[in-house]
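For the numbers below, each heavy atom of this structure counts, side chains included, while hydrogens, waters and symmetry mates do not.
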Amino acid sequence: MIESEAQEIQKQTEINIETFCSEIPNKQPYKFEMKLSVDDSKCFFLKPNGCSIYNFRPLICRFYPFELKFDETQQTYTFTATTECPTLNQGKRLTQTDFKLLFWLAEKKLL
């Protein structure tokens, strides 16, 4: 996640950034990675009744199971899907408009 998102989560939850995420090098624009809970190796903020930070969740969570990647050689962005999501291909089929909205959100947060 980007630094401003980690700061917002810290502000909203009053939990220190170091408690819920770790710094990651060379993953621009992302600076932090969410830690997993010790009990079940799931997201630190994923509780039995859902995401406890849903209203201010980071961009990467809003994209899941997709990831926005920048190709430096072609100077283009692409969305890729992770295969780790157990419900991939079971939800609404996303349209070009859906991806444009996600990209707009990324531009707004990252620029």
Side-chain angles (χ1 to χ4, degrees):
M1 81 184 74
I2 58 178
E3 188 166 9
S4 62
E5 293 172 323
Q7 291 169 344
E8 178 66 15
I9 293 169
Q10 177 177 266
K11 178 182 164 192
Q12 295 288 336
T13 63
E14 299 181 350
I15 298 172
N16 288 332
I17 291 174
E18 299 79 23
T19 302
F20 62 84
C21 63
S22 303
E23 277 197 56
I24 51 172
N26 305 321
K27 271 278 222 180
Q28 297 304 329
Y30 304 110
K31 183 176 180 175
F32 297 103
E33 181 176 73
M34 194 71 73
K35 288 183 178 177
L36 303 177
S37 66
V38 178
D39 301 339
D40 55 12
S41 296
K42 294 189 178 179
C43 173
F44 184 88
F45 291 106
L46 185 60
K47 306 302 178 201
N49 60 341
C51 176
S52 63
I53 60 167
Y54 188 82
N55 291 332
F56 47 94
R57 69 195 184 281
L59 187 61
I60 199 159
C61 296
R62 293 172 191 270
F63 283 1
Y64 189 81
F66 301 99
E67 181 178 13
L68 183 64
K69 292 189 176 183
F70 181 67
D71 183 327
E72 290 187 33
T73 57
Q74 296 186 4
Q75 296 292 299
T76 58
Y77 288 95
T78 56
F79 280 102
T80 58
T82 176
T83 56
E84 70 185 21
C85 179
T87 60
L88 192 62
N89 290 323
Q90 295 181 15
K92 170 191 165 211
R93 185 170 184 86
L94 298 179
T95 66
Q96 184 177 10
T97 302
D98 294 317
F99 284 103
K100 283 181 178 180
L101 181 61
L102 287 173
F103 189 74
W104 173 82
L105 184 60
E107 282 184 316
K108 183 177 164 188
K109 284 197 167 247
L110 299 173
L111 298 179

> How far does CD1 of Ile9 sit from OG1 of Thr19, to the nearest 0.5 angstrom?
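Going from the CD1 atom of Ile9 to the OG1 atom of Thr19 covers 12.5 Å.
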> Can you tell me how far NZ of Lys100 sits from CD of Glu107, rounded to the nearest 0.5 angstrom?
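Reported value, rounded in 0.5 Å steps: 12.0 Å.
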> Ignoring hydrogens, what is the shortest heavy-atom contact between Ser52 and Lys47? Give both atom names and the distance.
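For Ser52 versus Lys47, the nearest heavy atoms are CB-CG, 4.0 Å.
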> Flag yes if more than 12 heavy atoms outside Gln96 fall under 6.0 Å of its CD atom; otherwise flag no.
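Check fails, neighbour count at 12 or below.
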> Do Leu59 and Met1 sit in one hydrophobic cluster, given that two such residues count as connected whenever their side-chain heavy atoms are within less than 4.5 Å of each other, even indirectly?
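No, because Leu59 and Met1 fall into different hydrophobic clusters, even though each may have its own neighbours under 4.5 Å.
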> Is Ile2 reachable from Phe44 through a run of hydrophobic residues whose side-chain heavy atoms are each under 4.5 Å from the next?
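Shared cluster, no.
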> Kindly compute the distance separating OH (Tyr64) from SG (Cys51), expressed to the nearest 0.5 Å.
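Answer for the OH-SG pair, Tyr64 versus Cys51, is 13.0 Å.
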> Would you please name every residue forming a salt bridge (charged side-chain N to carboxylate O under 4.0 Å, His left out) with Glu3, sequence neighbours left out?
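Scan of Glu3 (salt bridge (charged side-chain N to carboxylate O under 4.0 Å, His left out), adjacent residues dropped) gives Lys31.
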> Could you tell me which non-hydrogen atom of Cys21 sits nearest to which non-hydrogen atom of Lys35, and how far apart they are?
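Scanning both residues completely, I find the closest heavy atoms to be O-CE, 3.5 Å.
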> If you compare all heavy atoms of Leu105 against all heavy atoms of Arg62, which two are closest, and at what distance to 0.1 Å?
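In terms of heavy atoms, the two residues are closest at CD2-CD, 3.6 Å.
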> Parallel, tilted or perpendicular: which fits the ring planes of Phe99 and Phe66, with parallel below 30° and perpendicular above 60°?
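Rings of Phe99 and Phe66: perpendicular, as their planes differ by over 60°.
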> Rounded to the nearest 0.5 Å, what's the gap from CE on Met34 to CD on Glu5? Could you check?
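So the CE of Met34 and the CD of Glu5 are separated by 9.0 Å.
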> Any heavy-atom pair between the side chains of Leu46 and Ser37 that's under 4.5 Å?
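Of all side-chain heavy-atom pairs linking Leu46 with Ser37, none is under 4.5 Å.
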> What about Phe56 and Ile17, same hydrophobic cluster or not, with Ile/Leu/Val/Met/Phe/Trp/Tyr joined at side-chain heavy-atom distances under 4.5 Å?
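Linked, Phe56 and Ile17 end up in one cluster.
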> Counting C-beta onward and ignoring hydrogens, is there a side-chain heavy-atom pair between Lys108 and Trp104 closer than 4.5 Å?
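With C-beta onward as the side chain, the pair touches.
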> Can you give me the closest heavy-atom contact between Asp98 and Arg93, atom names plus distance?
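For Asp98 and Arg93, the tightest heavy-atom pair comes out as OD2-O, 4.1 Å.
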> Mind checking whether Phe32 and Ile24 have side chains closer than 4.5 Å, heavy atoms only?
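No, their side chains stay 4.5 Å or more apart.
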> Has Lys42 got its NZ or CZ under 6.0 Å from the middle of the six-membered ring of Phe45, at an angle within 45 degrees of the ring axis?
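Pair Lys42/Phe45 does not count as cation-pi.
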> Please write out which residues are connected to Leu36 in a hydrophobic cluster, directly or through intermediates, given that two of Ile, Leu, Val, Met, Phe, Trp, Tyr count as joined at side-chain heavy-atom separations below 4.5 angstrom.
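None; Leu36 is a cluster of one.
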